[in-house]
Asks: 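Quick one: this structure, given as structure tokens, is what I'll be asking you about.
Indexing begins at 1, ligand by ligand and atom by atom, following the structure's order.
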Amino acid sequence: MPETPAHEEQAGAQDAEDAGIDPAILTQLLPFDPFDPAFHADPYAVYRKIREQGPVTRTPLGLVVVPGHAGISAVLRDNRFGWGDGATVAEHFSQGPDGTTVRPFIFMDPPDHTRIRGLVGQAFSARRVDALRERAGEVVAELVESAVAEADGGTVDLISAVALPLPAILLGELLGVPPEKHARFQALSADIAHGLDPSLFLTPDEVARRDSARAELYEYFGQLADERRAAPTGDLISELVAAEDTEGKLTGHELVVTLTLLLSAGFALTVNLIGNGMLALLQHPEQLAWLRAHPDEVPAAVEEMLRYDPPGQMISRVALADAEVAGEPIAAGEQVMLLIGAASRDPEVYEDPDALVLSRPAGRNLGFGLGVHFCVGAPIARLAAQVAFATLAGLDLELETTSPPRAPYIITRGLKELPVRVAPAR
Ligand code: HEM
């Protein structure tokens, strides 16, 4: 089955004018046109051309672009690349509560990064995530049952019915957000998720919604942290509060910014892994049939979905010192864009890279990053996707349209909606 063809349904995709940018500048800055619907329909064709230009290319405005698996892996393992003084970190990311400047740890370099990452890593223990597995199965079963009822033999949107609420509920339960707050939590997560791209690429409305959602979350997490400080419950917030109290390691502001980061970083990408993966499965009926015949292979199938259409398409870094990638010198201060979406289709690493092959041998997937910033939420994201596909694969679904509308972002890649026809239970 071919890639989703270019389509006209990108009407919702914003254009350069909406975002108040001169489109000519963007084509000088980036290695692709972020407002081109054809790019969102099939970025992999564009990435292929960039990869074919060599392991390192520079855009006319000097952005260093690394599209290959080997080059990206080398940069992510190399401590000469990081975030530095933060000049390249969007200001809004560093805006802590009360206008303070507190950078989330995803934008820190060691040793500051190591300190906070260590505390969060402990709280994200395998035990805590594993304990959610049974509950995750129940949540998916309930969501899918409601989705089938909503379709009533007709159509339902799998993004709003399953992909969005599942991570909101699981992340809410993991962090310790009470159930009555989950709907609000989902709305705020979505507003933040829509604002992950640099402000330059967003409409004023998206920027306003992102900033107001972040402010509300800071306030809300601040209150929750106070409650847990007074009466710990054993949830992740209680654990992080304890880490703060015993050694004075996490300040109150750092805690609130870290909790908001966990949500911002985790929510959209998990939604998109489920959405992109489900679209890929429905576009490849023979792969769906294979998955039904091999239910134990769901974890491997999720890794292939992550490779085939990664929810996180790129990672940024800055050269902290003079360095080189694939023999190409990179000067200190140069900004580097690592095209994860391109690396995931690198023919040097993957045989027949444009094919979805759920039984593909496990390889070094870059979808969760690599090195010191490797995704701290990977276990919970994998869990959510695995339980979702274990249940969704059993339904008799058909795509309502071969090209459901894509969200027009560049860092994350996902669907606005995924309408499917649900056959009545036999
Ligand atoms: C399918 C879902 C997900 C994908 C594809 C994904 C992808 C990534 C990637 C590529 C990075 C590396 C960023 C870099 O090197 O600059 C990362 C880091 C991170 N992710 Fe995820 N992520 C997912 C889900 C989650 C979830 C569910 C959470 C939290 C609950 C989360 C929290 C984080 C955090 C906090 C970092 C920063 C880690 C650090 O700087 O040490 N992610 N993620």
Side-chain angles (χ1 to χ4, degrees), residues 66 72-73 75-79 81-83 88-90 93 103-125 128-129 132 136 163 166-177 185 189 192-193 196 235-237 240 254 257-278 302-303 305-318 336-341 343-344 364-386 388-389 411-414:
V66 185
I72 293 179
S73 304
V75 171
L76 290 175
R77 289 196 173 107
D78 187 336
N79 61 11
F81 295 93
W83 291 100
T88 54
V89 176
F93 277 122
R103 215 191 291 179
F105 71 91
I106 195 169
F107 298 122
M108 289 177 176
D109 296 323
D112 295 341
H113 168 266
T114 320
R115 173 187 138 243
I116 298 190
R117 164 81 193 216
L119 290 169
V120 174
Q122 278 166 34
F124 257 86
S125 63
R128 182 178 293 281
V129 173
L132 262 185
L166 177 62
I169 296 171
L170 290 184
L171 286 175
E173 295 200 354
L174 183 83
L175 294 176
V177 174
F185 194 65
S189 311
I192 287 208
L196 283 182
D235 59 17
L236 193 135
I237 297 184
L240 285 176
E254 281 173 341
V257 168
T258 299
L259 291 170
T260 308
L261 166 68
L262 291 178
L263 198 65
S264 325
F267 175 74
L269 293 165
T270 310
V271 173
N272 292 344
L273 176 57
I274 297 170
N276 294 354
M278 203 58 215
V302 166
E303 298 310 301
M305 293 173 200
L306 183 70
R307 180 202 72 83
Y308 180 76
D309 200 9
Q313 293 273 301
M314 58 199 65
I315 292 178
S316 296
R317 291 289 187 267
V318 66
V336 183
M337 177 185 253
L338 308 173
L339 290 180
I340 298 295
S344 72
R364 181 74 251 191
N365 197 330
L366 293 177
F368 286 119
L370 185 71
V372 296
H373 290 283
F374 180 82
C375 179
V376 80
I380 180 88
R382 286 182 162 127
L383 168 69
Q386 289 166 11
F389 287 111
I411 294 180
T412 62
R413 174 166 170 78

Asks: Below 4.0 Å from ligand 1: does a non-hydrogen atom of Met108 turn up there or not?
Replies: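 False for this residue.
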Asks: Going by the order shown, which atoms of ligand 1 are within less than 4.0 Å of some heavy atom of Phe105?
Replies: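 Counting from 1, the qualifying ligand atoms are 35 (C), 38 (C), 39 (C), 40 (O), 41 (O).
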Asks: In terms of ring plane angle, is the pair Phe105 and His113 parallel, tilted or perpendicular, where the classes change at 30° and 60°?
Replies: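 Phe105 and His113: tilted rings.
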Asks: Got an N/O contact under 3.5 Å between Thr270 and ligand 1?
Replies: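 Min N/O separation from ligand 1 is not below 3.5 Å for Thr270.
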Asks: In the protein, what heavy atom is nearest to atom 23 (C) of ligand 1, and what distance, to one decimal place, separates them?
Replies: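 Here the nearest protein heavy atom works out to Cys375 SG, 3.6 Å.
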Asks: For Ile380, counting its heavy atoms only, list the atoms of ligand 1 lying under 4.0 Å from any of them.
Replies: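 Here the atoms of ligand 1 in question are 27 (C).
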Asks: Is any side-chain heavy atom of Ile192 closer than 4.5 Å to one of Leu263?
Replies: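 SC-SC contact between Leu263 and Ile192 ruled out.
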Asks: Without swapping roles, check the side chain of Asp109 against the backbone of Gly82 for a donor-acceptor pair under 3.5 Å.
Replies: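 Not at all, since once roles are kept as given, no pair shorter than 3.5 Å links the two residues.
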Asks: May I ask you to list the atoms of ligand 1 that are less than 4.0 angstrom from any heavy atom of Gly367?
Replies: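 Per the distance check, 5 (C), 7 (C), 10 (C).
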Asks: Within a strict 4.5 Å, meaning less than it, do heavy atoms of the Leu174 and Arg128 side chains meet?
Replies: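 Heavy-atom side-chain distance check passes, below 4.5 Å.
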Asks: Give the atoms of ligand 1, by number and element, whose distance to some non-hydrogen atom of Arg117 is under 4.0 Å.
Replies: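 Atoms satisfying the 4.0 Å criterion: 38 (C), 39 (C), 41 (O).
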Asks: Which of the numbered atoms in ligand 1 are under 4.0 angstrom from any heavy atom belonging to Gly369?
Replies: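 Matching atoms, with element in brackets: 10 (C).
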Asks: Which is it for Phe267 and ligand 1 at heavy atoms under 4.0 Å: side chain, backbone, both or neither?
Replies: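 It is neither part, as no heavy atom is under 4.0 Å.
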Asks: Closer than 4.0 angstrom: is that true for some heavy atom of Phe107 and an atom of ligand 1?
Replies: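 Outside the 4.0 Å threshold, so no.
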Asks: Could you check atom 29 (C) of ligand 1 against the protein and tell me its nearest heavy-atom contact, residue, atom and distance included?
Replies: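 Closest protein heavy atom to atom 29 (C) of ligand 1: Leu262 O, 3.4 Å.
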Asks: For a quick test of reading the model, state the closest non-hydrogen atom pair linking Ala343 to Ile72 and the distance between them.
Replies: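 The pair with the smallest heavy-atom distance is CB-CD1, 3.7 Å.
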Asks: Counting from 1, what ligand 1 atoms have a heavy atom of Ile315 closer than 4.0 Å?
Replies: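 Close to Ile315: 10 (C), 14 (C), 15 (O), 16 (O).
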Asks: Can you tell me if Asn365 uses its side chain to pair, donor with acceptor, with the backbone of Glu303 under 3.5 Å?
Replies: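 Checked: pair present.
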Asks: Taking Gly371's backbone N and O only, do any of them form a donor-acceptor pair with Arg77's side chain (distance below 3.5 Å, no angle check)?
Replies: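 It does not hold such a pair.
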Asks: Looking at every heavy atom in both Ile274 and Ala163, which two are closest together, and how far apart are they?
Replies: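 Here Ile274 and Ala163 meet closest at CG2-CB, 3.9 Å.
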Asks: Give me the residue, atom name and distance of the protein heavy atom closest to atom 37 (C) of ligand 1.
Replies: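 It is Ile106 CG1, 3.4 Å.
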Asks: So Leu166 and Thr270, do their side chains get closer than 4.5 Å, heavy atoms only?
Replies: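 Result no, sub-4.5 Å side-chain heavy-atom pair not found.
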Asks: Do Phe374 and Leu76 touch side chain to side chain, with heavy atoms closer than 4.5 Å?
Replies: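 SC-SC contact between Phe374 and Leu76 ruled out.
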Asks: Show the atoms of ligand 1 that are less than 4.0 angstrom away from any heavy atom in Leu269.
Replies: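 It comes down to these atoms of ligand 1: 1 (C), 2 (C), 3 (C), 4 (C), 6 (C), 7 (C), 22 (N), 23 (C).
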Asks: At what distance is the nearest protein heavy atom to atom 34 (C) of ligand 1, and which residue and atom is it?
Replies: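 Checking every protein heavy atom, the shortest distance to atom 34 (C) of ligand 1 gives Val376 CG1, 3.6 Å.
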Asks: If you have a sec, work out which protein heavy atom is nearest atom 12 (C) of ligand 1 and how many Å separate them, to one decimal?
Replies: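 Atom 12 (C) of ligand 1 sits closest to the protein heavy atom His373 O, 3.5 Å.
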Asks: Heavy-atom distance to atom 2 (C) of ligand 1: which of Gly312, Ala385, Ala381, Pro104 wins?
Replies: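 Heavy atom nearest to atom 2 (C) of ligand 1 belongs to Ala381.
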Asks: Indicate yes or no: does an N/O atom of Trp83 lie under 3.5 Å from an N/O atom of ligand 1?
Replies: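 Checking ligand 1 against Trp83, no N or O pair falls under 3.5 Å apart.
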Asks: Looking at SG of Cys375 and CG of Leu370, how far apart are the two atoms once the value is rounded to the nearest 0.5 Å?
Replies: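 The SG atom of Cys375 sits 12.5 Å away from the CG atom of Leu370.
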Asks: What residue and heavy atom of the protein are closest to atom 11 (C) of ligand 1, and at what distance?
Replies: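 I find the closest protein heavy atom is Phe368 O, 3.8 Å.
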Asks: Using only atom types and a distance under 3.5 Å, with no angle test, would you say the side chain of Thr258 pairs donor to acceptor with the backbone of Glu254?
Replies: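 Yes; at least one donor-acceptor contact below 3.5 Å.
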Asks: Please confirm whether His113 approaches ligand 1 to less than 4.0 Å, judged on its heavy atoms.
Replies: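 Yes, His113 has heavy atoms under 4.0 Å from ligand 1.
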Asks: What protein heavy atom lies closest to atom 33 (C) of ligand 1? Include the residue and the distance to one decimal.
Replies: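 Its nearest protein heavy-atom neighbour is Ala265 CB, 3.7 Å.
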Asks: Any nitrogen or oxygen of Arg317, side chain or backbone, less than 3.5 Å from one on ligand 1?
Replies: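 Indeed, backbone or side chain, Arg317 has an N or O that close.
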Asks: Please state which protein non-hydrogen atom is closest to atom 30 (C) of ligand 1 and give its distance, to 0.1 Å?
Replies: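 Nearest neighbour among protein heavy atoms for atom 30 (C) of ligand 1, to 0.1 Å: Leu171 CD2, 3.3 Å.
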Asks: Taking all non-hydrogen atoms of both residues into account, name the closest pair between Val75 and Phe81 and its distance.
Replies: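 For Val75 and Phe81, the tightest heavy-atom pair comes out as CG1-CG, 3.6 Å.
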Asks: Just wondering, do Thr114 and Val372 contact through their side chains at under 4.5 Å, heavy atoms?
Replies: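 A side-chain contact is absent here, since even the closest heavy-atom pair is not under 4.5 Å.
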Asks: If you measure from each heavy atom of Val372 to ligand 1, is any distance below 4.0 Å?
Replies: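 A heavy atom of Val372 does come that close to ligand 1.
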Asks: Measuring only between side-chain heavy atoms, which start at C-beta, is Ser344 closer than 4.5 Å to Leu366?
Replies: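 A side-chain contact is absent here, since even the closest heavy-atom pair is not under 4.5 Å.
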Asks: Of all the atoms in ligand 1, which lie at a distance below 4.0 Å from a heavy atom belonging to Leu273?
Replies: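 Listed by number with element, the hits are 1 (C).
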